[in-house]
Amino acid sequence: MDWDSIRQFILEDREIKEYFLLLAGRENPLQAECDRREPFYGIPSPGAAYKNSQTSGYVPEMSVAASGAEDVMAEKSIKALNAEITALRQELKDARQHGEALEAEISSLRQEMLSSQEKLRDADKKLSDFEPLIRAMELYGSLGEKSREAMKNIFRSSSPDGFLSCGVQKNSLSNLWDYGRTLAADGSEDCLKIDGLFAYFVSLYNLTFDQPVYSLIEPQTGDRFDEDIHVCLTRGTRIPKISGVLLRGYRVNGKTINKALVK
């Protein structure tokens, strides 16, 4: 059959003619063809295939591919989230372990602090026992060079042990007081330092007896002058009241050996 015969056949067949005329009036010829083919030739159109997929479960090939891609992406996202959660859990575990280690270290440091405080209290107590000796040695060290040189016959050693053993002797007490009187008579203020040293060694000397052997005569500023226990070096005469003490006097077993030097 040639082309003219085919053309003539189409023009004479009413259904074919109406089909092509219908196609000519549609915006989408392919869609019109599909719609027409469905009732006349039993071929489902793309729209019908989509509609059937909603009711019969049929999914076109392109929809299946898109759904598969989305599943792959979702699986990757879930894996990434699981990995992040695992990392965060490990980080939390490490932080807890670090916190426990810090708490243990703090507890250890607290124990060390308490132990150090206890040692410090013991050291303070021991230091307080030696404070009088330290003050006495500082007082001796503050004397003028001339005074220290004059007392070399009393303090033959500068060590703490030598300082104590020399100063606590009975003869040393007597010599120390006599040197203080010399300084007072010369108007030297070192006599006040000798007075402090003398009082310290008297207290140590008394510790070797059940009852104190030495007792100090300790006048106060403003006291009435008593020539039985006071000596005034500034005027050489009896004064009504004491205006200052230069060197305390002392008694041995209740007997006055040296009167207090006052002004």
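Just so it is clear, the model here is predicted, and its values are computed rather than measured.
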Please tabulate, one pair per line, all N/O donor-acceptor pairs under 3.5 Å involving side-chain atoms of residues 89-101, not counting sequence neighbours.
| unit_1 | atom_1 | unit_2 | atom_2 | d |
| --- | --- | --- | --- | --- |
| Q90 | NE2 | D94 | OD1 | 3.0 |

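A 6.0 Å sphere centred on CD of E118 holds more than 12 heavy atoms belonging to other residues, nucleotides or ligands. The environment of CE in M113 is crowded: more than 12 heavy-atom neighbours from other residues, nucleotides or ligands sit within 6.0 Å.
R148 places a side-chain N or O within donor-acceptor distance of the main-chain N or O of L143, the cut-off being under 3.5 Å. Side-chain N or O atoms of S116 include one that pairs as donor or acceptor with a backbone N or O of E112 at under 3.5 Å.
Between L173 and V202 the shortest side-chain heavy-atom distance falls below 4.5 Å. Side-chain contact between M151 and L176 is present, with at least one heavy-atom pair separated by less than 4.5 Å. At least one side-chain heavy atom of L164 sits less than 4.5 Å from a side-chain heavy atom of Y200.
When all heavy atoms are compared, the tightest approach of S147 to D190 is OG-OD2, 2.9 Å. The shortest heavy-atom contact between L133 and P160 is CD2-CB, 4.1 Å. Between V252 and Y214 the shortest heavy-atom distance is CG2-CE2, 3.8 Å. Shown here for S172 and C166, the closest heavy-atom pair between the two residues is OG-O, 2.6 Å. Minimum interatomic distance between L197 and L139 (heavy atoms only, all atoms of both residues): N-CD2, 3.8 Å. Closest approach of S243 and T221 over heavy atoms only: O-CG2, 3.6 Å.
For N258 and Y250, the side-chain atoms include at least one donor-acceptor pair closer than 3.5 Å. R251 and S215 are not linked by any side-chain donor-acceptor pair at a separation below 3.5 angstrom, with hydrogens and angles left out of the test.
The aromatic rings of H230 and F225 lie tilted to each other, with the angle between the two planes from 30° to 60°.
In this structure, SG on C232 lies 9.0 Å from CD1 on I242, to the nearest 0.5 angstrom. The CD atom of E138 sits 10.0 Å away from atom CD of E131, with the distance rounded to the nearest 0.5 Å. Atoms SG and CG, from C191 and L247 in turn, are 7.0 Å apart once rounded to the nearest 0.5 Å. Taken from CZ in F198 to OH in Y205, the straight-line distance is 11.0 Å, to the nearest 0.5 Å. For the atom pair CD1 of I106 and CD of E103, the computed distance is 7.0 Å after rounding to the nearest 0.5 Å.
Listed by first then second residue, pairs satisfying ring-ring contact (aromatic ring centres under 6.0 Å, His included) with a partner in residues 72-96 number zero, not counting sequence neighbours.
For R181, the salt bridge (charged side-chain N to carboxylate O under 4.0 Å, His left out) partners are D178, not counting sequence neighbours.
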